[in-house]
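Since we're looking at a predicted model, the values are computed, not measured. Convention: sequence-line order gives letters A, B, ...; per-chain numbering from 1.
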Amino acid sequence: MGMFQRDQQIFADAAPLDDSYEPEDIRERDDELEKYQRALQPVIDNRPTSNIFLYGKTGTGKTVATKFMLSHLEADAATYDDVDLSTVWVSCENLSSSYQVAVALVNEIRESQNKEKISTTGYSQQRVFDILYDELDALGGTVILVLDEIDNIGHSDDILYGLPRARSNGYVDEVRPVIIGISNDFKFRENLSPKVKDTLAEKEILFPPYDANQLRSILKPRAEKSFHDGVLADEVVPLCSAFAAQDTGSARQAIRLLREAGELAQANDCESVSEDEVRDAQEELEKNQLYEGMQELTTQGHAVLCALAYHQSLEEVPIRSSDLYERYTKICERLDADSVSERRVRDHLSDMNMLGLISVYEHNEGLSAGRYHEYELDVPLTAVLDVLLSTNRFKDLADIIESTADDNNLLQSDLSDY
DNA sequence: CGTCCACGGGAATACGCGGCGT
DNA sequence: ACGCCGCGTATTCCCGTGGACG
């Protein structure tokens with residue numbers, strides 16, 4: 001027997017548990033789909049179509065619903081000779097400005113035509129918009145531009161101003177652009193600049209978080225397809241649903257939980273998946289998220305984290321930012337690295353707070369001490385040290401902190417509940 | 001009601017990059 | 001080939017502010 005053997009006790013076909021899986025029917029979103037269909041109907045009727053914006057947290061079915069609607073729309077449009085429809089899909093996940101979105105749109109169109117892509121930097125914004133208008137005009141007909149995770153562009157929303165008015169401004173005349181914006185942020189519309197808000201005619205569809213019952217109904221068919229019969233204990237799907245509903249109401253989270261539970265069972269050579277695996281999976285996923293959050297910090301972020309870990313190991317927490325800053329500068333000196341301003345460190349701390357890595361306690365003691373914050377780690381010290389040890393720069397320091405913490409017997413207690 | 005102090009928003013600046021015009 | 005320009009990212013600089021205290 002080789003080292004790797006195929007183990008098919010648990011999974012029959014794990015594809016339905018993959019992020020990229022597209023189910024043939026969308027469950028628990030009847031109202032939203034009906035609205036969606038009505039909003040897209042004008043495309044088939046060759047009437048002007050308004051822009052459509054979908055709002056809802058991650059994992060509430062926005063993207064899947066859009067893929068579903070568009071594939072039907074494309075298929076149906078093809079049966080009418082006089083309907084000329086193309087769609088362009090851009091994920092704005094890593095795009096933080098209108099400029100980058102415009103470049104991405106151009107390149108997406110060019111890629112589908114095997115034309116050469118343009119550079120992501122160097123042009124003026126207007127220039128990129130002009131190129132985009134040319135490409136759109138060349139496509140002609142109705143072009144649906146899907147901007148997934150559009151809230152990433154923040155306040156840089158020029159593209160939402162330019163595209164809808166391209167036709168009336170005479171930049172294009174062969175094409176009717178329709179924007180489908182998908183936003184994780186309910187407040188995205190409020191934060192748009194006034195001129196965009198006024199001109200962006202749009203239909204809004206809200207995707208609320210799923211409750212536990214809905215998640216169960218979404219999970220069930222996927223579970224049946226991906227696991228062998230009788231492998232899943234009855235309580236597994238309801239428990240995954242309950243965990244995810246409690247936390248975020250995200251179908252993606254529920255599905256990941258189910259897959260992770262299955263993978264754990266498989267790794268442990270279990271014949272079935274039970275409640276225990278789901279609980280372990282939940283812990284495992286949470287832990288991974290924190291690790292990833294820490295690993296993706298910049299060197300400066302790591303230095304700040306390191307300073308906090310240092311004080312944590314001495315049990316000098318929670319600690320005021322001014323004291324933490326002193327430690328931080330010493331650490332930078334020692335590493336022969338540049339240090340940044342106190343203001344900037346506050347930004348890093350606030351980022352880390354967002355990621356759930358640290359806790360912040362606000363104080364206001366008026367005349368005696370004014371306003372200040374105190375910080376402490378919200379993740380086990382061992383986890384922080386693991387990450388720091390794995391980076392070349394902080395390896396030595398992390399070693400020292402580890403031994404300090406060891407002297408204070410801080411690590412044992414951490415390990416037991418970690 | 002004035003005072004205190006870090007917080008945090010926002011403008012200004014530094015720097016690097018790649019395309020463009022000459 | 002060269003310097004310039006507009007862009008993104010990270011940072012610094014400036015300053016108004018919350019709100020308990022006295």
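- Remark: P of B:dC5 and CD of A:E365 are 12 Å apart, rounded to the nearest angstrom.
- For the pair A:Y99 and C:dG6, the criterion of a side-chain N or O lying under 4.0 Å from OP1 or OP2 is not met.
- In this structure, A:S321 reaches the B:dC7 phosphate: one of its side-chain N or O atoms is under 4.0 Å from OP1 or OP2.
- As judged by a 4.0 angstrom heavy-atom cut-off over every strand, A:T120 is placed among residues making no nucleic acid contact.
- Checking B:dC20, B:dG19, C:dG6 against every side-chain atom of A:S124, the shortest atom distance belongs to C:dG6.
- Partners of A:L285 by side chain to side chain contact (heavy atoms under 4.5 Å, CB included), not counting sequence neighbours, listed by chain and number: A:R256, A:L257, A:E260.
- Phosphate contact (OP1/OP2 of C:dT9, side-chain N/O of A:S96, threshold under 4.0 Å): present.
- No donor-acceptor distance shorter than 3.5 angstrom exists from the side chain of A:E34 to the backbone of A:D31, with no hydrogens or angles considered.
- Rounded to an integer number of Å, the gap from A:H348 NE2 to B:dC7 P is 15 Å.
- Among the heavy atoms of the strands lying under 4.0 Å from A:Q300 are primed sugar atoms or P, OP1, OP2 only; no base atom is included.
- For the pair A:S368 and C:dC21, the criterion of a side-chain N or O lying under 4.0 Å from OP1 or OP2 is not met.
- Nearest nucleotide to the side chain of A:Y123, out of C:dT11, C:dC7, B:dC20: B:dC20.
- A salt bridge does not link A:K220 to A:E28: none of the charged side-chain nitrogens sits closer than 4.0 Å to a carboxylate oxygen.
- Remark: A:R344 is in phosphate contact with C:dT11, judged by side-chain N or O atoms under 4.0 Å from OP1 or OP2.
- For C:dT12, the OP1/OP2 oxygens have a side-chain nitrogen or oxygen of A:S341 closer than 4.0 Å.
- Between the CZ atom of A:R346 and the P atom of C:dT12 there is a distance of 12 Å, rounded to whole Å.
- Distance, A:N353 CG to B:dA6 P: 19 Å, rounded to whole Å.
- The side chain of A:H373 sits closest to B:dG8 out of C:dG18, B:dG18, B:dG8.
- A:Q100 comes within contact range of the sugar-phosphate backbone alone, with a heavy-atom separation under 4.0 Å but no base atom that close.
- Side-chain atoms of A:R343 come within donor-acceptor range of the base of B:dG8, with a qualifying N/O pair under 3.5 Å.
- Distances were taken from every side-chain heavy atom of A:N364 (C-beta onward) to each of B:dG18, C:dT11, C:dA20; the shortest belongs to C:dA20.
- In this structure, A:Y372 atom OH and C:dC21 atom C1' are separated by 13 Å, rounded to whole Å.
- A:D347 has a carboxylate O that lies under 4.0 Å from a charged side-chain N of A:R344, or vice versa, which qualifies the two as a salt bridge.
- Salt bridge annotation for A:R189-A:E202: present, with a cationic side-chain nitrogen under 4.0 angstrom from a carboxylate oxygen.
- The base of C:dG19 lies outside donor-acceptor range of the side chain of A:R371, with no N or O pair under 3.5 Å.
- Side-chain contact check for A:S359 and A:E376: no donor-acceptor pair (N or O, by modelled atom type) lies under 3.5 Å.
- If you measure from atom CE of A:M354 to atom P of B:dG8, you get 9 Å, rounded to the nearest angstrom.
- Close to C:dA20, at under 4.0 Å from its OP1 or OP2, lies no side-chain N or O of A:H363.
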